[in-house]
Amino acid sequence: MRIATWNVNSIKARLPTVLEVLDAINCDVVCLQEIKCETNAFPYMELEERGWNCEVLGQKSYNGVALLSKHEIEDVTKGLPTIEDEQARYIEALILADRPIRVGGLYLPNGNPAPGQKYDYKMEWMDALEQHARALLKQDEAFVLCGDYNCIPTPEDCWDETVWQDDALALPQTRAEFRKLKYLGLADAFELTDNRAHQYTFWDYQGGAFKKDHGIRIDHLLCSPQACDRLQSVEIYRKARELEKPSDHVPVIGTFED
DNA sequence: ATGTCTCTGTGCCAGAGA
């Protein structure tokens with residue numbers, strides 16, 4: 001069972017690239033963020049003809065999340081149940097593989113500039129996510145909350161801590177909220193299986209950041225204890241950043257025992 | 001020495017968001 005998360009930065013602007021990468025990474029489930037289209041404008045046809053079951057929570061212009069699965073899906077939730085949210089940032093479903101696994105795909109608010117209203121919203125959203133994670137943990141099932149967390153967990157997860165230290169992605173309060181999720185009992189799949197320093201999932205479009213490897217690690221898979229038991233490896237699919245018209249993020253893939 | 005991309009709309013550039 002291979003589960004990926006990928007912020008595509010508009011699915012309409014790079015559909016051929018998205019399809020190419022999806023073919024290459026050979027996953028069972030893929031959570032997409034920043035699809036930047038309304039639900040009914042999602043390219044269902046192109047994905048369904050490649051065998052994907054699609055669940056989508058879109059909106060105009062910004063944000064938007066989708067959950068793709070090669071297996072049957074049930075129990076779909078759109079939007080975090082713990083917050084009134086106008087923005088399309090969360091989608092969850094139970095994946096009916098031989099051993100079912102619940103998957104939540106999330107696009108956490110960026111929060112810049114901080115401090116300010118946008119950062120307040122980010123903190124509210126992280127708190128709502130923690131409340132939801134708490135409820136899920138009570139079910140004692142395998143689940144993975146994956147997505148663009150817009151959080152650089154530690155100084156080793158960015159190319160230059162001094163550049164990011166005042167950014168909403170790296171502020172102490174952001175890192176503290178991310179740690180809270182871990183203290184609840186969720187594990188960062190990358191940290192658990194690989195944990196090398198300076199392994200990135202995002203590189204800015206500006207200033208040739210990818211060429212210089214000036215990146216940050218902000219796309220994460222957080223696993224429940226039952227999912228950790230099945231976790232085998234994590235791969236950051238850097239190749240996606242080398243393609244024509246790439247997203248600024250690359251897929252992060254967790255492999256779990258079937 | 002300089003170098004981003006994508007979205008929208010009193011639209012063909014500019015401002016916002018990342």
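Naming convention: chains lettered A, B, ... in sequence-line order (proteins, then strands); numbering from 1 in each chain. Side-chain atoms are counted along with the backbone in the values below, which use heavy atoms only and exclude waters and symmetry mates. What you are looking at is a predicted structure, and each value in this text was computed from that prediction instead of being measured.
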Query - Geometric cation-pi criterion, A/R230 with A/F256: 6.0 Å, 45° - result: no

**Report entry** Sidechain-backbone polar pair: A/K122 side chain, A/N110 backbone, donor-acceptor under 3.5 Å
**Finding:** yes

Shorter than 3.5 Å, N or O on both sides, protein versus nucleotides 9-16 of chain B: list them out with atom names.
unit_1 : atom_1 : unit_2 : atom_2 : d
B/dG9  : OP1    : A/K60  : NZ     : 3.2

Query raised in the report: Distance between the P atoms of B/dG3 and B/dC7, in whole angstroms?
Result: 23 Å

Query raised in the report: Do you know which of A/K182, A/R217, A/R179 makes salt bridge (Lys or Arg N to Asp or Glu O under 4.0 Å) with A/D188?
Result: A/R217

Report task. Round to the nearest Å and state the distance from A/Q59 atom CD to B/dT6 atom P. Result -> 18 Å

**Report entry** Sugar-phosphate only, base, or nothing, as touched by A/Y107 at under 4.0 Å among non-hydrogen atoms
**Finding:** sugar-phosphate

Query raised in the report: With rounding to whole Å, what would you report as the distance between B/dT10 and B/dC5 at their C1' atoms?
Result: 25 Å

Report summary line: A/K245 NZ to B/dT4 P, in whole Å, measures 16 Å

Query raised in the report: Atom CG of A/D219 and atom P of B/dA18: how far apart are they, to the nearest Å?
Result: 15 Å

Report summary line: A/F202 atom CZ is separated from B/dC5 atom P, nearest whole Å, by 12 Å

**Report entry** Whole angstrom value for the distance that separates P of B/dG3 from CG of A/D204
**Finding:** 14 Å

Requested in this report: Answer yes or no: does a side-chain N or O of A/R14 lie under 4.0 Å from OP1 or OP2 of B/dT6?
Outcome: yes

Query - Donor + acceptor pair across side chains of A/N7, A/E34 (<3.5 Å) - result: yes

Report summary line: With A/R241 as partner, the option from A/Y200, A/F202, A/W203 fulfilling side chain to side chain contact (heavy atoms under 4.5 Å, CB included) is A/W203

Query - 5'-most by nearest nucleotide on DNA chain B - A/I35 or A/N112 - result: A/I35

Query - B/dT6 to B/dG11 separation - P atoms, rounded to the nearest Å - result: 23 Å

Requested in this report: Examine A/K212 relative to A/W159 and say whether NZ or CZ is less than 6.0 Å from the centre of the six-membered ring and inside a 45° cone about the ring axis.
Outcome: no

Query - Separation of B/dC5 P from A/Q206 CD (nearest whole Å) - result: 9 Å

Query - Point-to-point distance, once rounded to the nearest 0.5 Å, from CG of A/L136 to OG of A/S224 - result: 8.5 Å

Query raised in the report: Mapping A/N110 and A/N9 onto DNA chain B by nearest heavy atom, which one lands closer to the 5' end?
Result: A/N9

Report task. Report the distance from atom CG of A/L169 to atom P of B/dG17, rounded to the nearest whole Å. Result -> 16 Å

Query raised in the report: Roughly how many Å is it from OH in A/Y205 to P in B/dC5, rounded to a whole number?
Result: 8 Å

